[in-house]
**Q** 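My questions will all concern the structure given below.
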Protein chains: 2
Amino acid sequence: MSDVKGAEVKGAAALRATVAFNLGTLGALAADRFAARVEALGLKPKHAGLLAALDAGSAASQQELASRLGVAPSLIVALADQLQELGAVERLRDPEDRRRQVLTLTAEGRSLLARCADAAETVDADLTAGLTAAQRTALARHLRTLGEHHLPH
Amino acid sequence: MSDVKGAEVKGAAALRATVAFNLGTLGALAADRFAARVEALGLKPKHAGLLAALDAGSAASQQELASRLGVAPSLIVALADQLQELGAVERLRDPEDRRRQVLTLTAEGRSLLARCADAAETVDADLTAGLTAAQRTALARHLRTLGEHHLPH
DNA sequence: GCGTATCGTTCACAGCTCGAATGATTCAGG
DNA sequence: CCTGAATCATTCGAGCTGTGAACGATACGC
């Protein structure tokens, strides 16, 4: 980009100019703030991710959820245990394949998910406070585009 | 936002529509890819962050670096140890306050930082492959704006 | 000078996630 | 119908990261 001289050695400015670096840093910041908010609900961000996956796709096996969220199946067990304890999900043996546990959202689970969305929107309001409405929607749109390209859609 | 009905319960779609959620998810993805690339240099992302902080600001004490990076001072010790082992930084007692260790980048450190920037740019090319050049610069600009508002500048 | 505060360092510990082992269940094929 | 291979959920042990509480050394206010 900076072709003023061409001999300039890349430094901190070059790193900070990249999307990857800012995405990583701001992502950590957003994740922390989101985590702090959902903690009041007794949840961690991964719980919210699992709830969202359950609401988005149809009832799924734990294996499928694991690969969709990009985590080990053993982690799904722990997350589902805790969500079950909160009454947010139901675990039912699939009658057509009794090895599978089918997870489904309860009304309580949907309520929790809604409050997670509220938490995220609150964080949004704070994060994007310095942006105009137009910039905000443009940013949201670009991030969504990236997500659709690189995340299991 | 969606005031079409008002009775609709927020679900996964609402969560996925937020900047915070996408920022967190994509940030983790970007961080993973960046980590994979700098691993070949014997570094972790935090090392790159430290190098960048050293190149950006003037020579700083470890305490100052800790608060700038948002980590515990004890972690700076470990990071600086490893960077010193690689010949990337020099540790010198501040003659005006012999409690302080002043870290400075060596030529090797600047070279490593430049290669970290290269790695980030490579990740960028992959991440933003589905975007037009105009979208790419708009995204980078928005992220930078967010960073300047919320990170220690 | 003497107590207090600050810096860097070490160390033990908690949290998170994974991978390998296990048991139950299903399925393919003779 | 029976047997061996494959798949699912679960448990458990291990690795990695980062933190917070000590501790010694040094600086500073009074």
Side-chain angles (χ1 to χ4, degrees), chain A residues 24-25 27-29 31-36 38-39 42-50 53-54 57-85 89-104, chain B residues 24-25 27-36 38-39 42-50 53-54 57-85 89-104 152:
Chain A
T25 308
L29 179 68
D32 280 351
R33 295 197 183 180
F34 181 66
V38 295
E39 193 178 14
L43 299 179
K44 305 259 172 184
K46 303 244 164 184
H47 293 133
L50 182 48
L54 285 178
S58 51
S61 73
Q62 299 185 186
Q63 295 273 343
E64 193 180 336
L65 290 169
S67 74
R68 199 179 298 182
L69 296 181
V71 300
S74 54
L75 182 57
I76 302 290
V77 175
L79 293 174
D81 280 349
Q82 292 151 1
L83 288 176
Q84 196 174 20
E85 200 118 2
V89 302
E90 258 184 352
R91 253 205 194 106
L92 284 172
R93 290 261 165 214
D94 183 347
E96 308 200 348
D97 184 343
R98 305 225 320 273
R99 291 171 301 182
R100 292 188 184 162
Q101 296 270 44
V102 176
L103 298 181
T104 54
Chain B
T25 308
L29 179 67
D32 279 351
R33 295 198 183 180
F34 180 66
V38 295
E39 194 179 13
L43 300 178
K44 305 256 173 188
K46 304 245 164 186
H47 293 132
L50 182 48
L54 285 178
S58 52
S61 73
Q62 298 185 187
Q63 296 273 344
E64 192 180 336
L65 290 169
S67 75
R68 200 179 298 180
L69 296 182
V71 299
S74 54
L75 183 56
I76 302 289
V77 175
L79 294 174
D81 279 350
Q82 291 151 3
L83 288 177
Q84 196 174 21
E85 200 118 2
V89 303
E90 258 184 352
R91 253 204 193 107
L92 283 172
R93 291 259 164 216
D94 183 348
E96 309 200 347
D97 185 344
R98 304 225 319 271
R99 291 172 301 182
R100 292 186 183 162
Q101 297 268 44
V102 176
L103 298 182
T104 54

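Just so it is clear, the values below take in all heavy atoms, side chains as well, and ignore hydrogens, waters and symmetry mates. So that the names make sense, note that chain A is the first sequence line, chain B the second, and so on, each numbered from 1.
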**Q** Angle, rounded to 10°, between the helical axes spanning five pairs at each terminus of the helix from C:dG1-D:dC30 to C:dG30-D:dC1?
**A** 20°
**Q** Without decimals, in angstroms, what is the distance between A:R98 CZ and C:dC27 C1'?
**A** 15 Å
**Q** At their closest point, which heavy atom of A:A53 faces which heavy atom of A:L65, and how far apart are they?
**A** CB-CD2, 4.1 Å
**Q** Say whether A:R99 and A:Q63, considering side chains only, have a donor N or O and an acceptor N or O under 3.5 Å apart.
**A** no
**Q** Whole Å only: how far is the CG atom of A:L50 from the P atom of C:dT17?
**A** 13 Å
**Q** If you apply the rule side-chain contact (heavy atoms from CB on, under 4.5 Å), what do you find for A:E90 with A:Q84, and how did you get there?
**A** CA-CA 6 Å; A:E90 258 184 352; A:Q84 196 174 20; over 6 Å; no
**Q** Can you see which heavy atom on B:K44 is nearest to which on B:V38, and at what distance?
**A** C-CG2, 4.2 Å
**Q** Rounded to the Å, how far apart are B:L69 CG and D:dG18 P?
**A** 12 Å
**Q** Taking only side-chain N and O atoms of A:K46, does any of them lie within less than 4.0 angstrom of OP1 or OP2 on C:dT17?
**A** yes
**Q** Between D:dA9 atom C1' and A:D94 atom CG, what is the distance in whole Å?
**A** 13 Å
**Q** Taking all non-hydrogen atoms of both residues into account, name the closest pair between B:R100 and B:S61 and its distance.
**A** CD-CB, 4.1 Å
**Q** Identify the heavy atoms of A:G42 and A:H47 that sit nearest to each other, and give their distance.
**A** O-ND1, 4.4 Å
**Q** Give a yes/no on whether any side-chain N or O of B:K44 is located under 4.0 angstrom from OP1 or OP2 of D:dT17.
**A** yes
**Q** With B:R98, which residues qualify under side-chain hydrogen bond (donor to acceptor under 3.5 Å, both in side chains), at least two apart?
**A** none
**Q** Just verifying a value: how many Å separate B:L83 CG and B:K46 NZ, rounded to the nearest 0.5 Å?
**A** 13.5 Å
**Q** If I compare all heavy atoms of B:L69 with all of B:G49, which pair ends up nearest, and what's the gap?
**A** CD2-O, 3.9 Å
**Q** Roughly, in whole Å, what's the span from CD in B:Q82 to P in D:dG18?
**A** 10 Å
**Q** Whole angstrom is fine here: how far is it from CG in A:L92 over to C1' in D:dC8?
**A** 16 Å
**Q** Need to verify one output field. Residue with the more 5' nearest nucleotide on DNA chain C, A:E96 or A:A72?
**A** A:A72
**Q** Show the distances under 3.5 angstrom between N or O atoms of the protein and N or O atoms of nucleotides 7-10 of chain C.
**A**
{"unit_1": "C:dG8", "atom_1": "OP1", "unit_2": "B:Q62", "atom_2": "N", "d": "3.0"}
{"unit_1": "C:dG8", "atom_1": "OP1", "unit_2": "B:Q101", "atom_2": "N", "d": "3.3"}
{"unit_1": "C:dG8", "atom_1": "OP2", "unit_2": "B:Q63", "atom_2": "N", "d": "2.8"}
{"unit_1": "C:dT9", "atom_1": "OP1", "unit_2": "B:R91", "atom_2": "NE", "d": "3.4"}
{"unit_1": "C:dT9", "atom_1": "OP1", "unit_2": "B:Q101", "atom_2": "NE2", "d": "2.8"}
{"unit_1": "C:dT9", "atom_1": "OP2", "unit_2": "B:Q62", "atom_2": "OE1", "d": "3.1"}
{"unit_1": "C:dT9", "atom_1": "OP2", "unit_2": "B:Q62", "atom_2": "NE2", "d": "2.8"}
{"unit_1": "C:dT9", "atom_1": "OP2", "unit_2": "B:R91", "atom_2": "NH2", "d": "3.4"}

